[in-house]
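Below: one structure, written as C-alpha cells.
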Amino acid sequence: MKKNPFLHLGVIALSLLSSASFGQTGTLNISTDSKTTISKHIYGQFAEHLGRGIYGGFWVDKTLPVKKQDRIRLDIVDALKKIKIPNLRWPGGCFADEYHWRDGIGPATARPRMVNTNWGGVTEDNSFGTHEFLELCDLLGCEPYIAGNVGSGTVDEMSKWIEYLNSNSSSTVVQERKKNGHPAPYKVTFWGVGNESWGCGGNMTPEYYSDLFKRYASFAKDYPGAKLNKIASGPNADDYRWTEVCMKNISSGMMAGLSLHYYTIPTGNWGKKGSATNFDEKEYFSTMVNCLKMEELVTKHSAIMDKYDPDKKVALVVDEWGIWTDPEPGNWGVLYQQNSLRDALIAGTTLNIFNNHSDRVRMAALAQAINVLQALILTDKEKMVLTPTYHVFDMYKVHQDAKYLPIKLSVPDYEVDGKKIEAVNASASQDAAGKVHISLVNLDPHNTITITTSLSDVKWQTVSGQVLTSAKLTDINTFKDANKIHLNAFTGAKKDGDKLVVSLPAKSIVTLELK
C-alpha cells in the first residue's frame, strides 16, 4: 500500500460523522507543516461613491445626532476597528474611472459638483475627497487602497495624484497638499491602475489594457517610504484569457497584484438576481453553488499566474466579491440590500477559500462596507445595525497574519434536487502564540455534523469557540431587532481524552481556538 505523504508527523486528523445519516463520515486533515502566512489584507473592505456607502454612511450630515469627527461617523469607525479591517478601497469601483482627484481637494465650498453617471445619476458634491478618505483610514487604523482613474483620466493626472500624496519635495503640487492641511506625506502604497478596464473602466481588450497599464505604471513613481504596490485591473470572473494576456505582457517587477472580480448571483441571472430576504431552499442551494465557484476561479487564475510567475511575486487581489441580489424596493441604483444568515454563510465560505489559497490570494475587498451590496453595517439616519456578515469577519479576524495550516477535506454532501455540494468547508491557522484556530462552515440547513478530532501534533488543554447561526436562512438583523443574529459562545466542543469532539450545528459558522 502506497504511503500517503500528507499523513506525517505534524498532521491533525479530524473525522466527521453526520448525525443525520448514520455511518456517513468524512475527514479533515490539517498539516502544521507550512511556511505560508494568511495575509491580513485578505480581510479588506471596499467603499465606493455609490448609494449611501459614503454619503449617509461613513460621511454624514453635520446635523445628524451621532458622534462624529468632522463629518466621519465614529460609531461606524469603532465597529470596523473592532474587526481590525486592514485596508479600505476607494473611490470605486466604476466611479473611480470618472473621478478626478483635484475635484475633491481644497475648501469644500469651492469644490465642483458632478453627476455620478454610474450609480443613480445623483449629484456628487465632492465634499468627501482625498483628505477626508485618508483621515477616515487614519481613524480606522487601516491602509488606504486607492483606485486610480485610467478610463477617463490621464497619465499626468495619476502621476500628480501620487506625488501629491507621497512626495515631500518642494514641488508645486506638494506645496498644495501642505496648504490644504497635511504637511507630511501620506505614504499611500496600495494603488490600483484602473478598475474593470474590460467593462465600465473603458471596455478595453486585454492587449490594449496591458500596454496602457505599463504606460501609466511607468509614471506612477515611488517616493521615500512609499514604494507603490501597483495592482492591475484583472479579469471579470472566468475571463482566463484576460489573465493570460496580462501575465504574459506585464512583468512581475512592474505589478504587485492582479485584481479579480466575482459576485455571487443567487439565480445566476443578472437581470433577475433574486431577493435578499425572500428565497426558498432551492434558491439557497443555487446561491451556494455560485458562491463555491470562487474556488474554481481562484484555482484556474492562479494556475495561469504560476506559468508566468512561479515565485508568486504577483498577488491575486480579489478586490470585489460578495452576494449581489435585487435591491430592496425603492433602492434602484443605490444597491441597498438586506443581509441574512445566507450572506454570513457566503462570507465564511469565501474567506475559507481565500485562506486556503493564501499563497497567491494575498489581498481582497468585500463589496461593500456600508449600506451597499453585502455590507458589514446598515444605517438609517442615526440608527446602525451590524449584519451577520460583520460577525463573520469578527470571528475570522484570528486568521489575520497567522500561519496557514494546509487542509484536506472529505465530508458528506448536501443535496437538493439531485445536485450535490460538500456540506462543510473549513480553513485553519496558527497564530504567533501557537494557538490553533479552525473555522468551519456547515452549509446543510437541516443536519448537525459531529466532528471527532484526533490531535496528535498539537499540545492543547482547552477549546473554546464562537458560533453564528439562526432559526432560518432568511433571518436578518433589522433596526427594530438588531441582535436577532449575533455571536454566541460555542459550547458544542469538548476535550474527550486526546480527542476533540465538535457538534457543528446546521447552517452555522463556527471558529474554534485550541490552546
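Not measured: the values here are computed from a predicted model. When reading the values below, keep in mind they use all heavy atoms of this one structure, side chains included, and skip hydrogens, waters and symmetry mates.
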Salt bridge (Lys or Arg N to Asp or Glu O under 4.0 Å) pairs, two or more places apart, involving residues 82-91: Lys82-Asp394, Arg89-Asp319, Arg89-Glu320
Thr277 and Gln338 side chains, donor-acceptor separation under 3.5 Å: no
Any donor-acceptor N/O pair, His399 side chain to Tyr396 backbone, under 3.5 Å: no
Which pairs would a plain distance check flag for residues 45-57, meaning a side-chain donor or acceptor within less than 3.5 Å of a matching protein atom at least two apart in sequence or in another chain?
| unit_1 | atom_1 | unit_2 | atom_2 | d |
| --- | --- | --- | --- | --- |
| Gln45 | NE2 | Tyr43 | O | 3.4 |
| Glu48 | OE1 | Gln368 | NE2 | 3.2 |
| Glu48 | OE2 | Cys94 | N | 3.0 |
| Glu48 | OE2 | Phe95 | N | 3.0 |
| Glu48 | OE2 | Trp119 | NE1 | 3.0 |
| His49 | ND1 | Glu124 | OE1 | 2.9 |
| His49 | NE2 | Trp90 | NE1 | 2.9 |
| Arg52 | NH1 | Thr379 | O | 2.9 |
| Arg52 | NH1 | Thr379 | OG1 | 3.4 |
| Arg52 | NH2 | Thr379 | O | 3.2 |
| Tyr55 | OH | Glu124 | OE2 | 2.4 |
| Tyr55 | OH | Phe128 | N | 3.3 |

Backbone of Asp413 reached by a side-chain donor or acceptor of Glu422 within 3.5 Å: no
Distance in Å, Ser302 OG paired with Asp359 CG, rounded so as to fall on 0.5 Å steps: 7.0 Å
Side-chain heavy atoms of Asn442 within contact of Lys507, under 4.5 Å: no
Qualifying residues under side-chain hydrogen bond (donor to acceptor under 3.5 Å, both in side chains), relative to Trp242, sequence neighbours excluded: none
Pair Glu415 + Lys419, salt bridge at N-O below 4.0 Å: no
Nearest-0.5 Å distance that lies between atom OG in Ser503 and atom CD1 in Ile451: 8.5 Å
Side chains of Val385 and Tyr390 in contact at under 4.5 Å (non-hydrogen atoms): no
Qualifying residues under side-chain hydrogen bond (donor to acceptor under 3.5 Å, both in side chains), relative to Glu132, sequence neighbours excluded: Arg111
Qualifying residues under side-chain hydrogen bond (donor to acceptor under 3.5 Å, both in side chains), relative to Tyr240, sequence neighbours excluded: none
Ser358 and Ile42, any side-chain heavy atoms less than 4.5 Å apart: yes
Point-to-point distance, once rounded to the nearest 0.5 Å, from CG of Leu134 to CG of Leu139: 11.0 Å
Min side-chain heavy-atom separation Tyr262-Asn290 under 4.5 Å: yes
Side-chain donor or acceptor of Asn477 paired with backbone N/O of Leu386 under 3.5 Å: yes
Listed partners of Phe58 passing ring-ring contact (aromatic ring centres under 6.0 Å, His included), at least two apart: none
Between His41 and Tyr145, ring centroids under 6.0 Å: no
Spacing of NZ belonging to Lys40 relative to CD1 belonging to Ile85, to within rounding of 0.5 Å: 11.5 Å
Heavy-atom donor-acceptor pair, Asn447 side chain to Asp444 backbone, under 3.5 Å: no
Polar side-chain atom of Lys307 near backbone of Asp309 as donor-acceptor pair, under 3.5 Å: no
4.5 Å side-chain heavy-atom contact, Leu512 and Leu440: yes
ring-ring contact (aromatic ring centres under 6.0 Å, His included): pairs with one or both residues in residues 342-368, sequence neighbours excluded: Trp321-Phe354
Contact check, side chains of Leu366 and Gln374, non-hydrogen atoms, under 4.5 Å: yes
N/O donor-acceptor pair under 3.5 Å between Lys272 side chain and Gly268 backbone: no
Show the atom names and distances, to 0.1 Å, of all donor-acceptor pairs under 3.5 Å that link a side chain in residues 342-351 to residues at least two apart or in another chain.
| unit_1 | atom_1 | unit_2 | atom_2 | d |
| --- | --- | --- | --- | --- |
| Arg342 | NH1 | Thr287 | OG1 | 3.2 |
| Arg342 | NH2 | Ser275 | O | 3.0 |
| Asp343 | OD1 | Ser340 | OG | 3.3 |
| Thr349 | OG1 | Leu345 | O | 2.8 |
| Thr349 | OG1 | Asn425 | ND2 | 3.0 |
| Thr350 | OG1 | Ile346 | O | 2.8 |

Residue pair Ile509 / Val467, side-chain heavy-atom distance below 4.5 Å: no
Glu281 side chain to His446 side chain, donor-acceptor N/O pair below 3.5 angstrom: yes
Ile353 to Cys291 - nearest heavy-atom pair and separation: CD1-O, 4.5 Å
Interatomic spacing from CG in Leu64 to CZ in Arg73 - rounded to 0.5 Å: 6.0 Å
N/O donor-acceptor pair under 3.5 Å between Arg362 side chain and Ser39 backbone: no
Thr511-Ser439 side chain donor-acceptor pair, cut-off 3.5 Å: yes
Polar side-chain atom of Asn339 near backbone of Thr387 as donor-acceptor pair, under 3.5 Å: no
Atom NZ of Lys484: over 12 foreign heavy atoms under 6.0 Å: no
Expected output: side-chain Ser427 to main-chain Asn352 donor-acceptor under 3.5 Å: no
Polar side-chain atom of Asn331 near backbone of Pro329 as donor-acceptor pair, under 3.5 Å: yes
Cationic N near anionic O, under 4.0 Å, Arg360 to Asp306: yes
Candidate pair Asp78 and Lys67, rule salt bridge (charged side-chain N to carboxylate O under 4.0 Å, His left out), full reasoning: CA-CA 11 Å; Asp78 290 341; Lys67 191 176 179 181; 5.9 Å; no
Asn236: side chain to side chain contact (heavy atoms under 4.5 Å, CB included) partners, not counting sequence neighbours: Trp198
Residues forming a ring-ring contact (aromatic ring centres under 6.0 Å, His included) with His261, sequence neighbours excluded: none
Gap separating the CG atom of Asp75 from the NZ atom of Lys383, nearest 0.5 angstrom: 14.0 Å
Under 3.5 Å side-chain donor-acceptor pair for Glu244 and Tyr308: yes
Student check: side-chain heavy atoms of Ser429 and Tyr404 closer than 4.5 Å: no
ring-ring contact (aromatic ring centres under 6.0 Å, His included) contacts in which one or both residues fall within residues 265-295, not counting sequence neighbours: Trp270-Trp324, Phe285-Tyr414
Considering all heavy atoms, the nearest Ala276-Gln337 contact: CB-CB, 4.3 Å
Partner set under side chain to side chain contact (heavy atoms under 4.5 Å, CB included) for Lys435, not counting sequence neighbours: Asp431, Ala433, His437, Glu513, Lys515
No-hydrogen, no-angle side-chain donor-acceptor test under 3.5 Å, Glu135 and Gln69: yes
